[in-house]
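In what follows, a single structure is set out as structure tokens and then discussed.
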Amino acid sequence: MSTQSIAVRSTREGRVGPDRLTEALQERIRDVIVTLVEGELTETLAALPYQRTDGRRGYRHGSEPRTITTGLGATTVELPRGRLRQDGRWGEGQSTLLPRYERRARAVDEAVLGPI
């Protein structure tokens, strides 16, 4: 974001106050992203948190913060991590919803770069 756009945004917020609707929507987006990634991890590991099963394929392994830019702006989420056993080796589980280095939603990329 450019310095000029930050100044315009802060001036606008100073006149009319913060946009409470956008803030509420960003909170909901954060919750939805975490819920989707948690569900994906549960499916990948074949077990709920703290559940002991014979078919378990790995373990939860903390979380990491990541800033993701969506159509409503940037939001920071705590994404769960998982250790996954594949082919007799342990490795980091990779999300298909949010690949490792992806920091923007595809819609944002298309708006900035054009159709991909």
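- Other residues, nucleotides and ligands contribute at most 12 non-hydrogen atoms within 6.0 Å of the CZ atom of R28.
- Of the possible polar contacts, none joining the R57 side chain to the R83 backbone as a donor-acceptor pair under 3.5 Å is found.
- Closest approach of A74 and T67 over heavy atoms only: CB-CG2, 3.9 Å.
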_Test log, rule side-chain contact (heavy atoms from CB on, under 4.5 Å), inputs R104 and I68_ = CA-CA 5 Å; R104 292 181 306 266; I68 300 169; over 6 Å; no
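- Both V34 and V37 are part of a single hydrophobic cluster, where members link through side-chain heavy atoms under 4.5 Å apart.
- Shown are R85, R60, R100, R81; of these, the salt bridge (charged side-chain N to carboxylate O under 4.0 Å, His left out) with E92 is made only by R81.
- Using a 4.0 Å cut-off between a side-chain N of Lys or Arg and a carboxylate O of Asp or Glu, E23 and R20 do not qualify as a salt bridge.
- Looking only at distances, a side-chain donor or acceptor of Q26 sits under 3.5 Å from a matching main-chain atom of L72.
- Hydrophobic clustering keeps V108 apart from I33 (ILVMFWY residues linked when any side-chain heavy atoms are closer than 4.5 Å, directly or through intermediates).
- Formation of a donor-acceptor pair under 3.5 Å by the R56 side chain with backbone atoms of Q51 is found in this model.
- Note that the CD1 atom of I29 and the OG1 atom of T70 stand 4.0 Å from one another [nearest 0.5 Å].
- The environment of CD in E43 is sparse: at most 12 heavy-atom neighbours from other residues, nucleotides or ligands sit within 6.0 Å.
- Residue V32 is grouped with residue L97 when hydrophobic side chains (ILVMFWY) are merged at heavy-atom distances under 4.5 angstrom, including chains of intermediate members.
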Carefully, step by step, assess R66 and R103 under the rule side-chain contact (heavy atoms from CB on, under 4.5 Å). CA-CA 8 Å; R66 189 187 303 176; R103 299 293 188 256; 2.9 Å; yes
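- No single ILVMFWY cluster, assembled from side-chain heavy atoms under 4.5 Å apart, contains both Y59 and L45.
- Heavy atoms only, all atoms of each residue included: A46 and G55 are closest at CB-O, 3.7 Å.
- Defined by atom type and a distance below 3.5 Å, a donor-acceptor pair is present between the side-chain atoms of E40 and S95.
- L41 is not connected to L98 by any chain of hydrophobic side-chain contacts under 4.5 Å among Ile, Leu, Val, Met, Phe, Trp and Tyr, and they are in different clusters.
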